[in-house]
Amino acid sequence: MAEPVTVRLTVNGVGHEGRCEPRKLLVDFLREDLALTGTHVGCEHGICGACTVLIDGVAARSCIMLAVQADGAEIVTIEGLMQDGALHPLQAAFREHHGLQCGFCTPGMLMTALDFLRVNPTPTEPEIREALSAVLCRCTGYHGIVKAVAAAAPVLAKRA
Ligand code: FES
Ligand code: FES
């Protein structure tokens, strides 16, 4: 077994330091070492998008990145979206527009959509569909998800 390495991360505004094997994936570090299990593990191959988090503001798949590679980064996970007990506007839009069923893909959908809306605050529907096409939803179909992202876009643009 390789010598453990130290990993320092800021996650949802809170500093964390941990020791783990150099080969530990970021998603496993978040879930197992920091108990932040909202980030889901699906394919573990960078395909499904379930494990998407924001790393220094940019959406990234935490199953194809080592924890040690994220050393020093600012990470936002799904647990970081609620503020003062209130749903983030994107979460509220998913609820209102039935953008989820089992919820497995939802954390990855939300983090992907957040980054997308940061880059493109006034998207067209085809642009939303294209942006979310890399996150696989096995149950709802994408209709409600696309509606939710479209509804949240102006709300988030106003906050920016
Ligand atoms: S679990 Fe990371 S992309 Fe599927
Ligand atoms: S809501 Fe079930 S996988 Fe998307």
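Whatever order the structure lists them in is the order used to number ligands and atoms, beginning at 1. Reckoned from all heavy atoms, side chains included, excluding hydrogens, waters and symmetry mates. Everything numeric here is computed off the predicted structure, so don't read it as measured data.
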Visitor: Is it true that a side-chain atom of Arg19 and a backbone atom of Val7 form a donor plus acceptor pair closer than 3.5 Å?
Guide: no

Visitor: Looking at Gly103, which atoms of ligand 2 are within less than 4.0 Å of one of its heavy atoms?
Guide: 1 (S), 2 (Fe)

Visitor: Give a yes or no answer on whether the side chain of Arg8 reaches the backbone of Asp71 with a donor-acceptor pair at less than 3.5 Å.
Guide: no

Visitor: Do Thr37 and Arg31 have side-chain atoms, one donor and one acceptor, less than 3.5 Å apart?
Guide: no

Visitor: Would you say the side-chain atoms of Thr112 pair up with the backbone N or O of Leu132, donor to acceptor, closer than 3.5 Å?
Guide: no

Visitor: Relative to the heavy atoms of Thr140, which atoms of ligand 2 are at a distance of less than 4.0 Å?
Guide: 1 (S)

Visitor: Considering the heavy atoms of Cys105, write down every atom of ligand 2 situated less than 4.0 Å from one of them.
Guide: 1 (S), 3 (S), 4 (Fe)

Visitor: Please note down the angle at atom 2 (Fe) of ligand 2 between SG of Cys139 and SG of Cys102, to the nearest 10°.
Guide: 100°

Visitor: Counting only N and O atoms by type, is there a donor-acceptor contact under 3.5 Å from the side chain of Thr124 to the main-chain atoms of Glu127?
Guide: yes

Visitor: Give every protein N, O or S atom lying under 2.8 Å from atom 2 (Fe) of ligand 1, naming each by residue and atom.
Guide: Cys51 SG, Cys63 SG

Visitor: Counting only N and O atoms by type, is there a donor-acceptor contact under 3.5 Å from the side chain of His97 to the main-chain atoms of Gly99?
Guide: no

Visitor: Is the closest side-chain heavy-atom distance between Gln91 and Leu110 below 4.5 Å?
Guide: yes

Visitor: Got a second to check how far Glu74's CD is from Leu9's CG, nearest 0.5 Å?
Guide: 10.0 Å

Visitor: What residue and atom, counting heavy atoms only, is the protein's closest point to atom 3 (S) of ligand 2, and at what distance?
Guide: Arg138 N, 3.2 Å

